[in-house]
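All residue numbers refer to positions in the sequence shown, counting from 1. No hydrogens, no waters, no symmetry mates; every other heavy atom, side chains included, goes into these values. From a predicted model like this one, the values you see are computed outputs, not experimental measurements.
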Amino acid sequence: MTAVPEGERALGDAADQHAPRLTIGEVLAVLRDDFPDVTISKIRYLESEDLVHPQRTPSGYRKFSRADVSRLRYVLTAQRDHYLPLRVIKDHLDALDRGEPLPGTTSGSAPLPPASTADGAEAPLTAEQFARAAGLEPDQLADCVQFGLLATDADGRYPVADLPIARAAAGLARHGIEPRHLRVYRSAVEREAGLVEQLVAPVLRARSEEARTRATEKLRELAALSAQLHTALLETRLRDLLRP
């Protein structure tokens, strides 16, 4: 991933001040070839998180400089290729703005992207890489393993697919909910998975490809409904706490 160029780090850069500025729609058009999933709402959200600082016209319209577009590219690439949470990306941008190298890099270069396996799948991450990508402290990551939220492979590495679990644990930790408190989630998931397995396991064992496709679709639907039920029940219970 390419770092924000030296001449584009500061929003007040003299050359940038005289360059034409882009509307949010024009920025979207510039970015969409490399980031097909980016939307105007996403750009606005990144602005609300203080990651980009477009000027405003007297009528309130956003006007983006070249530096703003470079920062957006940096953020989107860091999320897509390096799985970094926004607070870590903001720290990186702040370091680059100060002319400092990023942690574990030289000359302000960005971290290397995750490697791939021979079949094109994303290679598992070391504990250090995984913790940094998830926003966990090393001891918090160790606790997540100890209490069954995460598991390593035979080489002590972590699958990239487990990053959403780790990031959720990191977010909860910031609210004082430690990994040891999350065993209840793991137990509930295992019970739910057992129930779903009873419904689809016979079909998954079928030799027919069509039957297995139907079972896979059913599995996904059941998982989505289970998550929906869990969320609805939790929201109902929390609403009860707010009642006088």
Would you mind reporting whether Phe130 and Leu150 have side-chain heavy atoms less than 4.5 Å apart?
yes
For the residue pair Arg239 and Thr236, confirm or rule out a side-chain donor-acceptor distance under 3.5 Å.
yes
Start with the C-alpha distance between Leu182 and Leu172, add both sets of side-chain angles, then the distance that settles side chain to side chain contact (heavy atoms under 4.5 Å, CB included), and finish with yes or no.
CA-CA 9 Å; Leu182 303 180; Leu172 289 167; 3.7 Å; yes
Angle class for the Tyr74/His92 ring planes (parallel below 30°, perpendicular above 60°, tilted otherwise)?
perpendicular
Listing request: all side chain to side chain donor-acceptor pair (under 3.5 Å) pairs with a residue in residues 133-150, at least two apart in sequence or in separate chains.
none
Within this structure, what is the CG-CG distance for the pair Leu225 and Leu229, rounded to the nearest 0.5 Å?
8.5 Å
Please check this pair: side chain of His181 against backbone of Glu178, looking for a donor-acceptor N/O pair closer than 3.5 Å.
yes
Minimum heavy-atom separation for Pro159 to Ala151, with atom names?
CD-O, 3.8 Å
Between OG1 on residue Thr152 and CG on residue Leu125, distance to nearest 0.5 Å:
12.5 Å
If I take atom OG1 from residue Thr39 and atom OH from residue Tyr45, how far apart are they, to the nearest 0.5 angstrom?
12.0 Å
Over 12 non-hydrogen atoms of neighbours within 6.0 angstrom of CD in Glu197
no
Nearest atoms (heavy-atom pairs only) where Lys63 meets Asp68
O-OD2, 4.1 Å
Compare every heavy atom of Leu149 with every heavy atom of Pro179, then report the nearest pair and how far apart it is.
O-CD1, 4.1 Å
Same apolar cluster: Leu233 and Val184, side chain cutoff 4.5 Å:
no
Please determine whether side chain to side chain contact (heavy atoms under 4.5 Å, CB included) holds for the pair Arg66 and Val69, giving the CA-CA distance in whole Å, both sets of side-chain angles, and the decisive distance to 0.1 Å.
CA-CA 5 Å; Arg66 293 179 305 172; Val69 176; 5.8 Å; no
Just wondering, are more than 12 heavy atoms of other shown residues or ligands nearer than 6.0 Å to CD in Glu128?
no
Can you get from Leu86 to Val88 by hopping between Ile, Leu, Val, Met, Phe, Trp and Tyr side chains that sit under 4.5 Å apart?
yes
Keeping the roles fixed (side chain from Asp155, backbone from Arg157), state whether a donor-acceptor pair exists under 3.5 Å.
no
If you take all heavy atoms of Gln79 and Lys42, which pair is closest and at what distance?
OE1-NZ, 3.0 Å
Starting at CZ of Arg71, measure out to CG of Leu46 and round the result to the nearest 0.5 Å.
11.0 Å
Check whether Leu219 and Leu195 end up in the same hydrophobic cluster, where Ile, Leu, Val, Met, Phe, Trp and Tyr are linked by side-chain heavy atoms less than 4.5 Å apart.
no
Got a donor-acceptor contact below 3.5 angstrom from the Gln129 side chain to the Thr126 backbone?
yes
Should Phe35 and Val27 be counted in the same cluster of Ile, Leu, Val, Met, Phe, Trp and Tyr side chains packed under 4.5 Å apart?
yes
If you measure from the Lys or Arg side-chain nitrogens to the Asp or Glu carboxylate oxygens, is any gap between Glu47 and Arg56 under 4.0 Å?
yes
Provide the closest heavy-atom pair for Leu141 versus Ala131 in the form atom of the first, atom of the second, distance.
CD2-CB, 3.9 Å
In the structure I gave you, are the side-chain heavy atoms of Tyr158 and Val145 within less than 4.5 Å of one another anywhere?
yes
Answer yes or no: is there a donor N or O on one side and an acceptor on the other, between the side chain of Ser187 and the main chain of Arg183, under 3.5 Å?
yes
Within this structure, what is the CG-CG distance for the pair Leu51 and Asp94, rounded to the nearest 0.5 Å?
8.5 Å
If you round to the nearest 0.5 Å, how far is CD1 of Ile165 from SG of Cys144?
9.0 Å
Which atom of Pro85 lies closest to which atom of Ala133, heavy atoms considered:
CD-O, 2.9 Å
With a 4.0 Å cut-off, would you call Arg87 and Asp91 a salt bridge?
no
State, with a plain yes or no, whether a side-chain heavy atom of Thr23 is found less than 4.5 Å away from one of Arg62.
no
Any chain of hydrophobic side-chain contacts (each under 4.5 Å) joining Tyr61 to Ile24?
no
Ignoring hydrogens and angles, tell me if any N or O in the side chain of Arg32 forms a donor-acceptor pair with the backbone of Ala29 under 3.5 Å.
no
